[in-house]
Amino acid sequence: MMATTPGTIRIDNQEIPFTPGQTIMDAALAAGVYIPHLCHYPGLTPSGNCRLCIVETGNRSVAACITPAVAGQEIRSNTPELNAARTTITQMLFVEGNHICPSCEKTGNCKLQALAYHLGMLDDHFPQFYQRRELDASHPDILLDRSRCILCDLCVRASREADNKNVFAIAGRGTNAHLTVNSPSGKLADSAIAATDLAATVCPVGAIMIKEQGYQTPIGQRIYDRRTIRETGLQEHIDKKNDD
Amino acid sequence: MTSSCPHNSSDPPREHLLHRLYAVQRQYRHISPQAMQQIADEFHLPLGQVASVVAFYAFFSTQPLGRFHILFSNCTSCGYLANGENLLQLLCKQLQTSPGKTRADGLISIDETSCIGQCDRGASLLVNDVPITGLNPEKIAQIAQLIATAIPLDAWPAQWFEIRDAVHRRELLLTTQPAPGSALRQALKQGIGETLAAIRQSGLRGRGGGGFDTGTKWQLCREAPGDARYVVCNADEGEPGTFKDRVLLRIHAEALFEGMALCAFVIGATRGFIYLRGEYRYLLPQLQAALNRRRDQGLLGGNILGHAGFDFDIDIVAGAGAYICGEESALIESLEGKPGIPRIRPPFPTTHGYLGQPTAVNNVETLIAATHIVAHGSDRFNSVGTPQSPGTKILSVSGDCRSPGIYEYPFGVRIQQILGDCGAGDAQAVQIGGPAGKLIAPADFNRAIGFEDLSTGGSFLVFGQQRDLLTIHRNFAHFFAHESCGFCTPCRVGTQLLKNTLDNIAAGRGSACDLKELQQLGQIVQRQSHCGLGHSAANHVLDGLQQFPQTFSSHLKQSFSARFDLDQSLASARQLTHRGDAAAHLDNG
Ligand SMILES: Cc1cc2nc3c(=O)[nH]c(=O)nc-3n(C[C@H](O)[C@H](O)[C@H](O)COP(=O)(O)O)c2cc1C
Ligand code: SF4
Ligand code: SF4
Ligand code: FES
Ligand code: FES
């Protein structure tokens with residue numbers, strides 16, 4: 001049952017207030033407690049697909065971004081076991097797609113990469129899948145390289161909820177799942193997307209990128225060269241709150 | 001939901017999106033981009049949604065299929081390898097085609113599909129949606145001949161299509177059939193409160209595998225605020241080795257419809273759905289006829305049995321090849337014309353189900369049991385079974401046994417007894433509840449079927465001594481990798497990794513660290529996935545490692561071996577360059 005009055009939960013023994021309807025993730029970020037996440041973005045409907053935000057309550061493991069906070073919940077998040085599981089899940093994302101970090105324009109600005117650093121991931125561990133995935137360079141301002149897509153659904157939700165355009169969808173089952181463009185030709189050029197849309201900039205990895213900005217910011221001065229993903233994740237939450 | 005129902009351009013058709021897509025595919029053998037656009041316009045849907053639906057369901061194809069389209073089951077019981085011979089390859093060879101491709105002349109396409117629920121009938125296939133069972137090399141040769149000469153399906157030997165149901169043991173549900181309308185009359189006589197009380201007192205728990213208390217579900221649904229309420233019968237029966245709902249739909253459909261009407265009466269629903277797996281599409285005409293009969297008898301439709309204001313009718317929606325659509329929230333997504341991606345729970349369907357309204361989703365067997373309970377009283381029902389698992393369970397027994405088929409037992413029955421009854425003298429292992437269930441070794445054959453011990457949706461797979469269990473594990477792992485909906489990382493990628501690791505071990509390239517790998521990977525998939533598919537996808541591997549470690553260890557290399565096989569990786573390049581010699585990749589000449 002969902003509580004109707006404000007209450008508190010405990011994450012790793014720290015008391016954290018929440019308001020009814022808040023998820024564990026929202027409550028944690030608002031209190032300055034970072035829970036790793038990739039498919040959560042402040043202001044967009046949570047999805048629960050990446051599973052980086054797994055936390056434990058009782059003997060269950062749940063995704064913090066989609067699980068309502070309930071008064072009195074005892075939650076474990078920053079534990080060696082959970083971070084090991086998060087590392088494995090991050091490795092899964094790395095081997096499923098084609099991630100070429102050293103030569104990727106997103107390097108240093110990439111949440112997947114930053115999260116790997118945060119978790120102390122040292123290798124891919126699993127064999128690469130080497131999937132062939134389609135590249136869409138049709139749009140004058142925006143590049144879509146599905147090779148690096150982690151199927152986080154953020155662009156889908158951003159386009160639908162923030163841009164009111166519905167440009168993207170995810171289609172296909174299992175590892176055949178792939179991002180599709182909602183236009184007659186299936187190409188970005190044919191869609192309503194614009195470079196200023198949230199959908200064009202929300203991608204955590206180098207799958208959707210704005211063209212003609214390559215290496216404007218030198219490597220070494222990029223987002224995660226300056227701040228950790230923990231700090232960035234907390235700041236995104238504050239920025240969104242200030243916007244509202 | 002008739003396919004001919006007229007609609008003007010401003011109203012979306014009343015037909016179900018899956019049925020519309022099916023009709024197009026039937027006519028044109030595939031669904032083209034133009035057809036998708038047209039259907040998107042008709043239904044006022046974004047093209048992207050129609051395209052994702054087409055991509056999600058295995059039975060839809062964007063490439064033209066053959067005029068004869070054959071899908072072999074790949075289940076361990078009704079699969080094309082079931083009797084030790086590759087019947088799929090055999091048919092492909094005889095028809096000069098290869099799996100997954102349509103022959104150039106468009107006559108034939110052959111592929112494989114997950115279990116089609118004919119496990120008691122031996123190796124089986126679907127030809128243009130109709131099952132042919134009991135396959136052997138002779139039958140394959142006949143089929144090849146019929147196809148090669150383009151003999152239409154209705155001129156194929158009629159006895160091939162006769163449906164025989166092997167019911168070997170009957171208890172409460174299968175011995176008697178309440179007269180149509182008798183439970184409904186009883187319900188109308190005693191009122192909603194007492195009808196619900198009867199269900200609650202019976203202790204009936206869901207037969208689909210989850211075991212949720214049915215009375216509680218109906219009550220939650222009844223009490224949830226909403227503009228409308230819905231009854232949904234889960235006839236998706238996708239768990240490999242399960243076929244009891246297929247038999248129930250054929251011989252006890254009346255009791256099922258009546259159970260749905262009882263549920264509607266209790267929760268206050270006017271509309272119900274049967275979500276029928278696409279593999280059982282051939283049952284549609286018979287089910288529709290039975291529904292019409294009930295409408296004529298006043299047991300469905302407006303003012304049921306003359307009771308003013310008791311309106312309820314049932315639509316059947318046929319799926320299109322997706323195991324995940326048996327998960328109730330994925331099923332509801334599918335009913336709403338979307339890909340079957342499981343929803344975030346809570347909220348549960350009892351409060352936010354079909355179109356966001358309170359919805360009771362129940363298995364076929366659960367609803368039939370409800371009819372019996374209301375017709376004959378809860379005392380008779382819970383006079384058998386165990387305190388935590390009252391009543392009986394209908395099992396689908398198949399695999400290495402003399403008498404595969406349907407067996408109804410009181411809950412609490414021991415594995416040993418079932419094995420004795422079905423003629424499985426020397427079982428090496430039993431898989432209970434299908435690939436998602438539990439692998440049981442002989443030491444545990446004294447364990448019992450019941451929610452407190454071995455819970456099962458009904459699949460009971462027997463593996464004799466001659467079976468290679470690693471082959472079974474690989475089969476299951478391929479099943480889950482194929483059926484993962486792809487939504488969450490641990491299941492989407494993890495099921496692939498499990499599959500690849502098992503294949504690797506079977507190919508003789510496994511080493512001791514792979515066992516540790518399977519264990520760790522299995523635990524992540526089991527614990528961190530989003531829905532029940534992921535939660536159970538690694539069960540068989542974890543059980544196997546614990547119960548039958550030699551299954552894996554006997555295939556391992558003693559010394560280190562690279563997972564990467566250079567020769568295999570170069571095979572296609574060598575083929576293209578016509579260089580077969582071992583050093584082909586070394587010199588540039
Ligand atoms: C992957 C998956 C597949 C399922 N398949 C079926 C199915 O084919 N039939 C079924 O009745 N329940 C199936 N279930 C269980 C349903 O989600 C749900 O619990 C059930 O339909 C409720 O009905 P019951 O309470 O009468 O058992 C499945 C669950 C999961 C997680
Ligand atoms: S393109 Fe980027 S934002 Fe969109 S689903 Fe893929 S990874 Fe997520
Ligand atoms: S566990 Fe598997 S089937 Fe379930 S949501 Fe995740 S990917 Fe889909
Ligand atoms: S951030 Fe919660 S599942 Fe992705
Ligand atoms: S650095 Fe390119 S996807 Fe992360």
Side-chain angles (χ1 to χ4, degrees), chain A residues 1-2 38-39 45-52 54 56 59-63 65-68 81-82 84-86 88-97 125-129 150-153 156 160 166-178 180-186 191, chain B residues 33-34 36-37 40 46-58 321-324 339-347 480-497 499-501 504 517 520-521 523-531 534-535 563-564 569:
Chain A
M1 284 288 106
M2 206 177 277
L38 277 177
C39 74
T45 308
S47 161
N49 64 67
C50 78
R51 298 273 138 181
L52 261 314
I54 41 170
E56 289 172 343
N59 53 11
R60 279 189 339 132
S61 184
V62 298
C65 68
I66 54 169
T67 306
E81 296 76 27
L82 279 169
R86 290 179 183 129
T88 305
I89 293 168
T90 308
Q91 288 165 326
M92 287 178 173
L93 288 172
F94 267 99
V95 300
E96 185 192 28
H125 186 77
F126 303 112
Q128 292 284 336
F129 284 14
I150 56 168
L151 301 163
C152 72
D153 195 54
V156 180
R160 197 168 50 215
N166 207 2
V167 167
F168 295 108
I170 290 176
R173 221 162 65 190
T175 42
N176 291 327
H178 60 280
T180 60
V181 176
N182 206 350
S183 69
S185 63
S191 78
Chain B
Q34 294 79 354
M36 284 189 235
Q37 184 66 62
L47 174 61
Q49 183 176 335
V50 177
S52 10
V53 168
V54 171
F56 190 85
Y57 297 89
Y323 166 66
I324 189 59
I341 309 263
R343 291 179 176 174
I344 296 169
R345 293 155 20 122
F480 286 117
H482 179 68
E483 297 295 344
S484 163
C485 83
F487 171 78
C488 73
T489 316
C491 171
R492 181 182 72 240
V493 186
T495 53
Q496 287 291 332
L497 290 169
K499 175 188 100 171
N500 294 345
T501 310
N504 208 50
E517 193 61 52
Q520 284 171 350
L521 199 53
Q523 277 163 353
I524 298 259
V525 173
Q526 185 180 62
R527 196 161 164 79
Q528 313 299 0
S529 294
H530 173 67
C531 84
H535 293 153
R563 194 180 276 196
F564 178 73
S569 302

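Residue numbers begin at 1 in each chain, while the letters A, B, ... track the order of the sequences. Heavy atoms only: backbone and side chains are in, while hydrogens, waters and symmetry mates are out. Bear in mind the structure is a predicted one, so any value in this text is a computation, not a measurement.
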Among A:Ala171, A:Pro46, A:Ala169, single out the residue with the greatest number of heavy-atom pairs under 4.5 Å to chain B.
A:Ala171
Under a 3.5 Å distance rule, please check whether B:Thr489 uses its side chain to pair with a backbone N or O of A:Cys50 as donor and acceptor.
yes
Choice from A:Ile66, A:Val181, A:Leu52 maximising heavy atom contacts with chain B below 4.5 Å
A:Ile66
Go through A:Thr88, A:Asn176, A:Leu151, A:Thr180 and name the one with the most non-hydrogen pairs under 4.5 angstrom from chain B.
A:Leu151
Has the side chain of A:Arg173 got a donor or acceptor atom that lies under 3.5 Å from a matching backbone atom of B:Gly486?
no
How far does CD of B:Gln528 sit from CE of A:Met92, to the nearest 0.5 angstrom?
9.5 Å
I'd like to know which of B:Val493, B:Val53, B:Val54 tops the heavy-atom pair count under 4.5 Å against chain A.
B:Val493
Given a strict heavy-atom distance threshold of 4.5 Å, which part of A:Phe129 is in contact with chain B: side chain, backbone, both, or neither?
side chain
List the steps and the verdict of side-chain contact (heavy atoms from CB on, under 4.5 Å) for B:Met36 and B:Leu47.
CA-CA 7 Å; B:Met36 284 189 235; B:Leu47 174 61; 3.9 Å; yes
Comparing A:Asn166, A:Thr67, A:Leu93 against chain B, the one with the most heavy-atom pairs below 4.5 Å turns out to be A:Leu93
Report the distance from atom CZ of A:Arg86 to atom CD1 of A:Ile54, rounding to the nearest 0.5 Å.
5.5 Å
Between B:Leu521 and A:Phe126, is any pair of side-chain heavy atoms under 4.5 Å apart?
yes
Measure distances from A:Glu56 to the heavy atoms of chain B and classify the residue's part below 4.5 Å as side chain, backbone, both or neither.
side chain
Just by distance, no angles: are the side chains of A:Thr175 and B:Gln496 close enough, under 3.5 Å, to form a donor-acceptor pair?
yes
I'd like to know which of B:Pro33, B:Ser52, B:Pro339 tops the heavy-atom pair count under 4.5 Å against chain A.
B:Ser52
When the 4.5 angstrom heavy-atom criterion is applied to B:Ala40 and chain A, the contacting part is neither
Winner by heavy-atom pair count (cut-off under 4.5 Å) against chain B, out of A:Ala63, A:Ala177, A:Gly172, A:Cys152:
A:Gly172
